[in-house]
Amino acid sequence: MHLVIIGNGITGISCALALRQRQPAARITIVSDEATHHFARTALMYVYLGHLRLQDLKPHEDWFWAENQLELVHATATRLDTEQRHVYLSAGPPLSYTHLLLATGSVSRFYNWPGQDLAGVQGLYSLPDLERMARDTHGVRQAVVVGGGLIGVELAEMLHSRGIEVTMLIRDAHYWGSVLPPEEAALVQRQLAAHRIHTLYLTELAEILPDAQGRVRAVRTTAGGEISCQWVGLATGVTPNIGLARASGLETDRGILVDELLQTSAPGVYAAGDCAQHRQPTAGEVPIEQLWYTGRMQGQTVAHTIGGEPTPYRRGPWFNSAKFFDLEYQTYGQVPVRLPAGEQTFCWQHPNGRHLLRLNFRAADGLAVTGMNALGLRQRHEVWDEWLRRRAPVTEVVADLARANFAPEFFRRHEADIVAAFNRQFPQQAVVPGRRQWFSFRR
Ligand SMILES: Cc1cc2nc3c(=O)[nH]c(=O)nc-3n(C[C@H](O)[C@H](O)[C@H](O)COP(=O)(O)OP(=O)(O)OC[C@H]3O[C@@H](n4cnc5c(N)ncnc54)[C@H](O)[C@@H]3O)c2cc1C
């Protein structure tokens with residue numbers, strides 16, 4: 001067996017490590033063009049903030065790869081011959097493979113704005129992006145961040161740490177309008193205001209304007225306003241990196257199309273992580289998952305299949321977490337912006353505006369909890385995963401919230417308030433803290 005993996009991100013590396021465990025003798029080659037060694041993309045901002053050095057982003061020492069007989073090739077894969085099973089590289093001889101994994105990740109998505117190629121305009125995805133940002137924000141006084149999502153806030157925090165005045169252009173009526181209900185968004189907005197990030201909602205980028213040297217000097221918005229700035233961060237999302245797959249004749253849509261075993265349309269070729277698009281996602285799943293932990297899960301799952309034990313990819317309950325400046329955010333299950341028919345929602349907020357807990361549940365399904373958002377409260381993954389898988393009734397969840405609390409000494413201060421608020425909103429389901437009540441509500 002010779003497995004060739006294209007991409008040394010979390011997906012490619014997770015597959016390599018999982019296969020090495022199962023097959024100590026398999027030949028495994030990892031081709032990647034961004035960095036010679038795997039690094040934690042999610043921690044890029046901490047290098048800019050000065051909390052970590054670049055070498056701290058590498059979870060393994062450089063000797064680890066040779067020690068585990070993982071061959072690293074620092075090159076770009078330029079073409080695939082899926083008939084002959086060859087990968088052509090920008091440098092060096094082609095590689096022949098028995099199995100091939102495409103783990104090529106994402107690329108930043110821009111919308112052909114006039115001026116998007118000017119000096120001082122960029123996205124943040126890769127190591128070169130980080131280096132460019134560090135160079136081009138040096139001495140900058142004002143910056144504009146386009147996009148109100150997770151990377152947008154990261155950029156705002158990074159710029160703020162260097163004393164740069166930041167204006168965010170946000171298309172929706174509130175922050176991360178496609179994901180967060182308005183109450184959650186209001187907490188994030190408070191964080192942004194507390195850090196003097198200027199936010200313009202219902203505002204889009206129209207044009208980026210150059211100075212005489214071809215560097216950005218201002219942006220014009222769809223509202224007609226002009227905002228002076230010397231740097232622009234485009235945080236308008238990412239899209240699967242499918243160029244190599246498409247040019248090589250694999251079936252693609254927005255991503256590289258895969259079945260539940262993560263097999264592409266070509267025999268022996270698999271795709272996983274950010275670049276993959278599931279042909280038939282099961283209920284509650286999305287076709288394209290662009291997260292760190294889903295990349296790891298997909299990489300590990302496909303290693304089983306490649307190793308001879310066909311294993312369908314099943315993600316389990318959705319979760320995600322992030323930090324908006326000082327505000328921690330976790331979400332489990334499904335909490336759409338608009339409440340689905342048949343669901344009810346309970347939303348508790350501390351009067352200080354720094355803590356929020358939302359629980360969605362389905363009355364017709366034994367009050368089964370369907371999703372949770374927590375801001376300023378850290379919850380335990382394993383407890384929420386178990387509640388969602390079991391479709392635990394919201395009454396059990398509310399009564400037993402302390403079990404999910406990651407920092408009980410802190411959380412105890414809010415638990416009684418949350419129960420009291422729940423009982424006021426749903427008197428017919430009143431719960432007593434610390435007492436499990438699920439048995440009385442199961443169908
Ligand atoms: C700034 C930032 C912060 C993030 N924070 C979070 C977070 O907090 N939580 C979270 O869940 N997710 C986060 N994400 C998303 C997460 O990082 C990605 O979902 C994850 O890294 C995807 O992993 P991957 O291995 O599929 O792809 P990638 O990490 O993109 O790795 C793919 C690699 O393949 C290489 N490659 C592509 N094509 C070729 C080719 N033809 N030849 C050679 N090499 C090639 C690329 O250069 C790249 O190095 C963040 C992303 C960014 C950019």
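Both counts, for ligands and for their atoms, begin at 1 and track the order of listing.
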Shortest protein heavy-atom distance from [atom], along with the residue and atom involved:
| atom | result |
| --- | --- |
| atom 52 (C) of ligand 1 | Ile151 CD1, 3.6 Å |
| atom 14 (N) of ligand 1 | Thr42 CG2, 3.9 Å |
| atom 34 (O) of ligand 1 | Gly7 CA, 3.1 Å |
| atom 47 (O) of ligand 1 | Asp33 OD1, 2.7 Å |
| atom 41 (N) of ligand 1 | Ala77 O, 3.0 Å |

*Identify the residue among Glu415, Glu382, Glu386 that makes a salt bridge (charged side-chain N to carboxylate O under 4.0 Å, His left out) with Arg403.*
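Passing option: Glu386.
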
Interfacing atoms of ligand 1 (cut-off 4.0 Å, heavy-atom, [X]):
| X | value |
| --- | --- |
| Asp274 | 18 (C), 19 (O), 20 (C), 22 (C), 26 (O) |
| Ile6 | 39 (C), 40 (C), 42 (N), 43 (C) |
| Gly273 | 26 (O) |
| Glu154 | 1 (C), 3 (C) |
| Asn241 | 37 (C), 38 (N) |
| Gly9 | 25 (O), 29 (O), 31 (O) |
| Thr76 | 41 (N), 42 (N), 43 (C) |
| Ser106 | 30 (O) |

*asked:* Can you check which of Phe39, Trp292, Tyr48, Phe319 brings a heavy atom nearest to atom 10 (C) of ligand 1?
replied: Trp292

*Going by heavy-atom distance to atom 28 (P) of ligand 1, choose the closest among Arg296, Glu34, Arg41.*
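Comparing heavy atoms across Arg296, Glu34, Arg41, the nearest one to atom 28 (P) of ligand 1 lies in Arg41.
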
*Please name the pair of heavy atoms, one in Arg315 and one in Thr294, separated by the smallest distance, quoted to 0.1 Å.*
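Minimum heavy-atom contact is CD-CG2, 3.7 Å.
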
*Run the numbers on His381 and Phe406 for ring-ring contact (aromatic ring centres under 6.0 Å, His included), then give the verdict.*
CA-CA 9 Å; His381 174 85; Phe406 199 79; over 10 Å; no

*Whether Ser126 side chain and Asp129 backbone form a donor-acceptor pair below 3.5 Å*: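 Answer holds: yes.
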
*asked:* If we ignore hydrogens and angles and just use 3.5 Å, is the side chain of Trp348 paired with the main-chain N or O of Leu356 as donor and acceptor?
replied: no

*Please determine if Ile10 has a nitrogen or oxygen closer than 3.5 Å to a nitrogen or oxygen of ligand 1.*
yes

*Return yes or no for this condition: an N or O of Thr11 is under 3.5 Å from an N or O of ligand 1.*
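Checking ligand 1 against Thr11, an N or O pair does fall under 3.5 Å apart.
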
*Quick one: do Glu328 and Arg354 make a salt bridge, cutoff under 4.0 Å?*
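Looking at Glu328 and Arg354, the cut-off is not met.
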
*With the threshold set at 4.0 Å, does a side-chain nitrogen-carboxylate oxygen contact exist between Glu260 and Arg279?*
no

*Could you please spell out the steps behind the salt bridge (Lys or Arg N to Asp or Glu O under 4.0 Å) verdict for Glu204 and Arg171?*
CA-CA 5 Å; Glu204 293 185 55; Arg171 189 180 51 185; 5.2 Å; no

*Between Tyr175 and Tyr201, is the gap from one ring center to the other below 6.0 Å?*
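Here the rings of Tyr201 and Tyr175 have centres that are no less than 6.0 Å from each other.
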
*asked:* Using the rule side-chain contact (heavy atoms from CB on, under 4.5 Å), only one of Val269, Ile306, Leu3 pairs with Leu100; which is it?
replied: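 It is Val269; the other options fail the test.
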
*Going through the checks in order, is the ring-ring contact (aromatic ring centres under 6.0 Å, His included) test met by His60 and His38?*
CA-CA 8 Å; His60 301 286; His38 169 62; 7.1 Å; no

